[in-house]
2 protein chains.
Amino acid sequence: MDDDVPPGGVSRPGSRPATMADVARRAQVGRQTVSNALNSPELLRPETLARVTAAIEELGYRPHAAARSLRRRESRTIGHALEHSAAGRSNAVHDRFLHALADAADAAGHRLLVFPVDSHEQEIERYDQLLREQAVDAFVLAHTSEADPRHRWLHGKSVPFAAFGRSWGEQSYGDWVDVDGAAGTEAATEHLAAAGHRRIGLLGWPRGSGTGEDRAEGWRRTMERHGLPVRGLRAATANSTEEARQAARVLLDREVTAVVALSDTLALGCYDVLRERGLRPGADVAVTGFDDSPIAALLDPALTSVEQPLEQAAKECVRMLLARITEPRHPYRHRLLAPRLVARDSSRPPEAVAQG
Amino acid sequence: MDDDVPPGGVSRPGSRPATMADVARRAQVGRQTVSNALNSPELLRPETLARVTAAIEELGYRPHAAARSLRRRESRTIGHALEHSAAGRSNAVHDRFLHALADAADAAGHRLLVFPVDSHEQEIERYDQLLREQAVDAFVLAHTSEADPRHRWLHGKSVPFAAFGRSWGEQSYGDWVDVDGAAGTEAATEHLAAAGHRRIGLLGWPRGSGTGEDRAEGWRRTMERHGLPVRGLRAATANSTEEARQAARVLLDREVTAVVALSDTLALGCYDVLRERGLRPGADVAVTGFDDSPIAALLDPALTSVEQPLEQAAKECVRMLLARITEPRHPYRHRLLAPRLVARDSSRPPEAVAQG
DNA sequence: CAAGGGGATTGGATCGATCCAATCGCCTAT
DNA sequence: ATAGGCGATTGGATCGATCCAATCCCCTTG
């Protein structure tokens, strides 16, 4: 009873995992034939293949990862840095992306190695170490920034990589996937306009951040398309709570009937200010957020938000990575994914505000 | 300019990473001497060591991970499963733990391999595969449950592992670290009692969950120590928002002046109900949460919560793991860590309620 | 002066899977 | 009947680092 039969085969406690030679012996074939059974089954006569496969099954054989890496000169492992978030505060979006990345890498038959980093510089240092150890074949980047040194470095070394987050700089290296933030706020703004809102404020970040400008643009162009005013309806704030509230107060003073916030956190600040003034989010002033973080559904009223297709993004990153490994010289690929608006009560009761 | 000099040494584009033989040649020594320089430097004469070290530096040499694993029969890699959270909803606590684990593993010179799983059964299946591939030496478990099949399986195979989360069952296998939930709610309850509260309600989960009972116990014993009533002051709910609100209503009907919630999510539900009744969290009824999730600091008023020492927990897991690898037959070790109360405005203005 | 001894250094064998080139077996075409 | 051809199968060499045992060097001791 101590000696469970594992899913894939027999195992006597204390016995070393089966090797290729063991399988060959049992199947009465040469070692190379076992290797072929795994890597080029079409070379084997069906009956030989069956015999080898049976032996593999019976012994619960799996190729020794290190031995395989050594000979093949590839690790089938993807590296991914975990940013040491300063305040110990975790990033829900990246966390979901990470899970999705683990799925995607796994589905593609690759291992995922994660390691901590403090800064882009240190991240590059770790890239270098891992590459010299030949512990990874490629990297997936996240938290891309404006003048991100990682792309250039990896490009210079011809290391396959894919980034989640576009390269904002003029000169861009590398494959990337990103979420179309503008399309997200466009959907949110459109949703509000369709409900009859005319004075729709934007609660965002200071000018200059790539993500911020991208998302803001979706609001601006939708407002213009509908012939709605934008002047004075854009308030900026760093992401601290108190500042967010201050910015929200400014917007409400301009008598907006709806607010498009560029993050759920900002939307939460907006909720606070509404309540502080005796107004009810949703009923009196509509609010939308961004990221569809866990709190969105928990808030009262539940917050309409824009959900990023992170599973798809991770899959696409891995797909690009594999393509890059196969065709190292192919021109860099980019892909924007459309996010999805999740309508909830914070933007719902249109009848209460439809007098726009 | 395309040819940056990496932190650790020279690299001509297209050149394969240096091997031990390269270093030996350059340092005018045998291969084994290079190996000794890395693994048993005390065997070398200082001047030889210096020569080898210099060559290593100049070539930017790092041992090939796979070759080393193959020969040493150990991967210096820790495996860790990422649970495929059903609703795509991520778990902030586990996310922080994961970051801390990456740090701890790294600090101990180990790699961290993550892989996705759907269930404990599938997780065991993946353990088995990784072990047969000899891709990992050990595992760190999270999300432990009552009758967790993983401990027994790993124990049966004599695989080193450490769990974050105690083994609740009668028969317990394996090393573990856990956070002392009772001590956490005890601190919260004590904090409220010290502020003069006498009717302190508990907002928790249905009986039977290990974590829930543990945390509830801290409240119960603190109340009893102070001679305060507990009957009727404990409300249970599954973790859905609406149910949480319902349970909070029950508590408030019993005229509590403070609520100890067993999670920040539950505390949030409590906030909602207070507002629904025109009461202000903190000012009218004190509230504490658990986990110190990102929203705690963002709420208005900021939520007093119990912070779990996840960095310490991860460090301890790794420490136990290494000890287990060194001494496989040592009796299993367990460790409870004390959490820390983070007092914020939701439990502060004591003067307003001190008439208890 | 030769033998002894211990620290420093070395080459050969090995870990397990894959690459390569060679061989084997069998069927067809001459 | 034999050469030719092709599909199937095989052993030997190799990837890079480490284990092991042997050797080397230099200094002490009988």
Side-chain angles (χ1 to χ4, degrees), chain A residues 15-53 55-56 59-77 109 129-137, chain B residues 15-53 55-56 59-77 109 111 129-135 137:
Chain A
S15 69
R16 300 233 161 271
T19 158
M20 227 174 60
D22 298 332
V23 176
R25 218 172 350 254
R26 184 176 188 100
Q28 311 259 43
V29 296
R31 323 157 175 203
Q32 181 62 22
T33 303
V34 179
S35 176
N36 286 337
L38 290 169
N39 302 313
S40 324
E42 73 282 2
L43 291 182
L44 300 199
R45 244 175 29 214
E47 76 180 52
T48 311
L49 178 57
R51 216 163 66 244
V52 175
T53 307
I56 288 176
L59 295 175
Y61 168 75
R62 292 212 119 208
H64 190 295
R68 182 175 264 196
S69 296
L70 175 59
R71 193 58 180 93
R72 283 195 171 159
R73 321 189 120 270
E74 68 172 18
S75 59
R76 289 205 169 246
T77 300
Q129 293 176 359
L130 289 167
L131 289 170
R132 293 203 306 256
E133 293 177 349
Q134 301 186 51
V136 300
D137 296 335
Chain B
S15 69
R16 301 234 160 269
T19 157
M20 226 175 60
D22 298 332
V23 176
R25 219 172 347 256
R26 186 176 188 99
Q28 311 260 45
V29 297
R31 333 178 140 102
Q32 181 62 22
T33 303
V34 179
S35 175
N36 286 337
L38 291 169
N39 303 312
S40 321
E42 74 282 3
L43 291 182
L44 299 198
R45 242 174 33 213
E47 77 179 53
T48 313
L49 179 57
R51 216 163 64 245
V52 175
T53 307
I56 288 177
L59 294 175
Y61 168 76
R62 290 213 121 207
H64 190 295
R68 182 174 265 200
S69 297
L70 175 59
R71 193 58 178 94
R72 282 194 172 161
R73 320 191 120 271
E74 70 172 17
S75 60
R76 289 203 169 246
T77 300
R111 279 177 280 274
Q129 292 175 0
L130 289 168
L131 289 170
R132 292 203 306 256
E133 293 176 349
Q134 301 186 51
D137 296 334

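Letters A, B, ... are given to chains in the order of the sequence lines, protein chains preceding strands, and every chain is numbered from 1.
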Walk me through it: do R25(A) and D22(A) pass the test side-chain contact (heavy atoms from CB on, under 4.5 Å)? CA-CA 5 Å; R25(A) 218 172 350 254; D22(A) 298 332; 2.8 Å; yes
Protein-nucleotides 4-9 of chain D N/O pairs closer than 3.5 Å?
unit_1	atom_1	unit_2	atom_2	d
dT9(D)	OP1	T48(A)	OG1	2.3
dT9(D)	OP2	R45(A)	N	3.2

Considering all heavy atoms, the nearest P17(A)-R132(B) contact: CB-O, 4.1 Å
Which pair of non-hydrogen atoms, one from R76(A) and one from D137(A), has the smallest distance, and what is that distance? N-OD2, 2.6 Å
Non-hydrogen atoms of R16(A) and R73(B) that approach each other most closely: CD-NH1, 3.8 Å
Working for side-chain contact (heavy atoms from CB on, under 4.5 Å), residues I56(A) and L38(A): CA-CA 10 Å; I56(A) 288 176; L38(A) 290 169; 4.0 Å; yes
Can you sort out which residues in residues 62-75 of chain A have a heavy atom within less than 4.0 Å of DNA chain D? Ascending by number, please. L70(A), R71(A), R73(A)
T48(B) and T33(B) have their tightest heavy-atom pair at CG2-CG2, 4.1 Å
Whether over 12 other heavy atoms sit under 6.0 Å from R31(A) CZ: no
Just do the side-chain contact (heavy atoms from CB on, under 4.5 Å) check on Q134(A) and S75(A) with the steps written out, would you? CA-CA 7 Å; Q134(A) 301 186 51; S75(A) 59; over 6 Å; no
Which atoms form the tightest heavy-atom contact between Y61(B) and T19(B), and what is the distance? CE1-C, 3.6 Å
Under 3.5 Å, is there a donor-acceptor pair between the R72(B) and N39(B) side chains? yes
Hey, where on DNA chain C does chain A first and last touch, going 5' to 3'? Cut-off is any atom under 4.0 Å from a heavy atom. dG16(C) to dC20(C)
